[in-house]
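Predicted model only: the values in this text are computed from it and were never measured. All chains are named by letter (A, B, ...) in the order of the sequence lines, taking the proteins before the strands, and each is independently numbered beginning at 1.
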2 protein chains.
Amino acid sequence: MLSKKTKYGLKALAYLGNQKDRKPVQISEIAAHENISQKFLESILLSLRKSGFLSSKKGKGGGYYLLKNPDQIYMTDVMRVLEGPIAMVPCVSLNFYESCDDCPDEARCSVHKLMLQVRDSALAVYRNNTLQDILCDTPKEVK
Amino acid sequence: MLSKKTKYGLKALAYLGNQKDRKPVQISEIAAHENISQKFLESILLSLRKSGFLSSKKGKGGGYYLLKNPDQIYMTDVMRVLEGPIAMVPCVSLNFYESCDDCPDEARCSVHKLMLQVRDSALAVYRNNTLQDILCDTPKEVK
DNA sequence: TATTAACCCTATAGATTTAGTAGATTCTTA
DNA sequence: TAAGAATCTACTAAATCTATAGGGTTAATA
């Protein structure tokens, strides 16, 4: 299951991506528009800022804004920050690899065999989508 | 993340699939061989039996055995029983659909747009794999 | 009839998720 | 320089999920 953190994070990024300009948007506006608990969203936006997707401005007229163009923001990176590993088991993870302590031989492990394929297929989707591609009214171009 | 239930369930199915015949195999044997908590495995095998993948025999010489040939056991079905929905959000689930109460328009939802692709790609993998395909020493045939 | 092994029910520690609360800090504007 | 607006930080808490343990019951076999 996708965590609400990821779901809200994606929605917030999309909301910012749909803005005409890059003027700061307040947390309260995003929260209201996307039906998100404001305080929860606050912590999500913070982690998106710390990982370099967003920047923020304090004080009056402040808020959050995208640091890059939507077509430069890859879902692979966003998902890894919000949801964590793309792989469903650590032993097939590219960025968060860990061997299973209960499994004597990865090469002969059924779970490994299957989850490797699942990881690759998910990765293909995330690599093929930028924030631009999932904005509303933006039909996905076939590459 | 893949739950241990699913991981153990897959391993148990694979263990049974690797047997030469279909004689009942005891829970204790599978648990020992695959490093699984016996009690936990018990409940997993029970749910696999109730969903029609396995059958069991009580008493001496009893145990669990596969009801079908490994090449007739599709990962799509196994995953749905063990892990639940294949989709990461209910609003893109084929078998467990639920609309999001916080989302006014699915067609214009970024999360929906992305997760639909992820579901399809995962589904493609699960549909293309039977238990036979993930057994050890069984190279996956290209279809 | 004794043994064996699946079956079934209950409880629980621990982790994770999803927030809510309170206050501090920083920036902008008047 | 004061006031207000907004982010930032830290602590807490409820709710759920996960993984496992315990113990008694039922059915099959020898």
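Between B:R49 and the phosphate of C:dA6, there is no side-chain N or O to OP1/OP2 separation shorter than 4.0 Å. For B:S37, a side-chain nitrogen or oxygen approaches OP1 or OP2 of D:dA21 to under 4.0 Å. Dashed line: the shortest gap from a side-chain N or O of A:Y65 to OP1 or OP2 of D:dT7 is not under 4.0 Å. For A:S56 and D:dC8, the shortest distance from a side-chain N or O to OP1 or OP2 is below 4.0 Å. Between D:dA6 and A:Y64, no contact under 4.0 Å exists linking OP1 or OP2 to a side-chain N or O. The shortest distance between the side-chain N/O atoms of B:S43 and the OP1/OP2 oxygens of D:dT20 is not below 4.0 Å.
Rounded to a whole Å, the CG atom of A:L41 is 13 Å from the C1' atom of C:dT18. Separating the CE atom of A:M1 from the P atom of D:dC17 is a distance of 9 Å, rounded to the nearest angstrom. Rounded to a whole Å, the CD1 atom of B:I36 is 16 Å from the C1' atom of D:dA21. In this structure, A:Q38 atom CD and D:dA6 atom P are separated by 10 Å, rounded to whole Å. Rounded to whole Å, the distance from CG on A:L82 to C1' on C:dT17 is 14 Å. In this structure, A:E29 places its CD atom 11 Å from P of D:dT7, rounding to the nearest Å.
Closest to the A:K50 side chain, of the nucleotides D:dA6, D:dT9, D:dA27, is D:dT9. Residue B:K58 has its side chain nearest to C:dA6 when only C:dA6, C:dA19, D:dT20 are considered.
A:L46 comes within 4.0 angstrom of sugar-phosphate atoms only, judged by non-hydrogen atoms across all strands, and of no base. As judged by a 4.0 angstrom heavy-atom cut-off over every strand, B:L45 is placed among residues making no nucleic acid contact. Among the protein residues, B:K7 comes within range of no part of the nucleic acid, since none of its heavy atoms lies under 4.0 Å from any strand. Within the 4.0 angstrom heavy-atom criterion, base atoms lie near A:K39.
No side-chain donor-acceptor contact under 3.5 Å links A:Y64 and A:Q26. A:S93 and A:E98 are not linked by any side-chain donor-acceptor pair at a separation below 3.5 angstrom, with hydrogens and angles left out of the test. B:E106 and B:S99 form no side-chain donor-acceptor contact under 3.5 Å, judged by distance and modelled atom types alone.
Of the residues near DNA chain D, B:L2 and A:K57, the one whose nearest nucleotide (by heavy atom distance) lies more toward the 5' end is A:K57. Heavy-atom nearest nucleotides on DNA chain C were determined for A:T6 and for A:K60, and the one closer to the 5' end corresponds to A:T6.
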Walk me through it: do A:D102 and B:K7 pass the test salt bridge (charged side-chain N to carboxylate O under 4.0 Å, His left out)? CA-CA 11 Å; A:D102 58 317; B:K7 183 179 173 183; 3.2 Å; yes
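Ring planes of B:Y8 and B:F40: perpendicular class, angle over 60° (limits at 30 and 60°).
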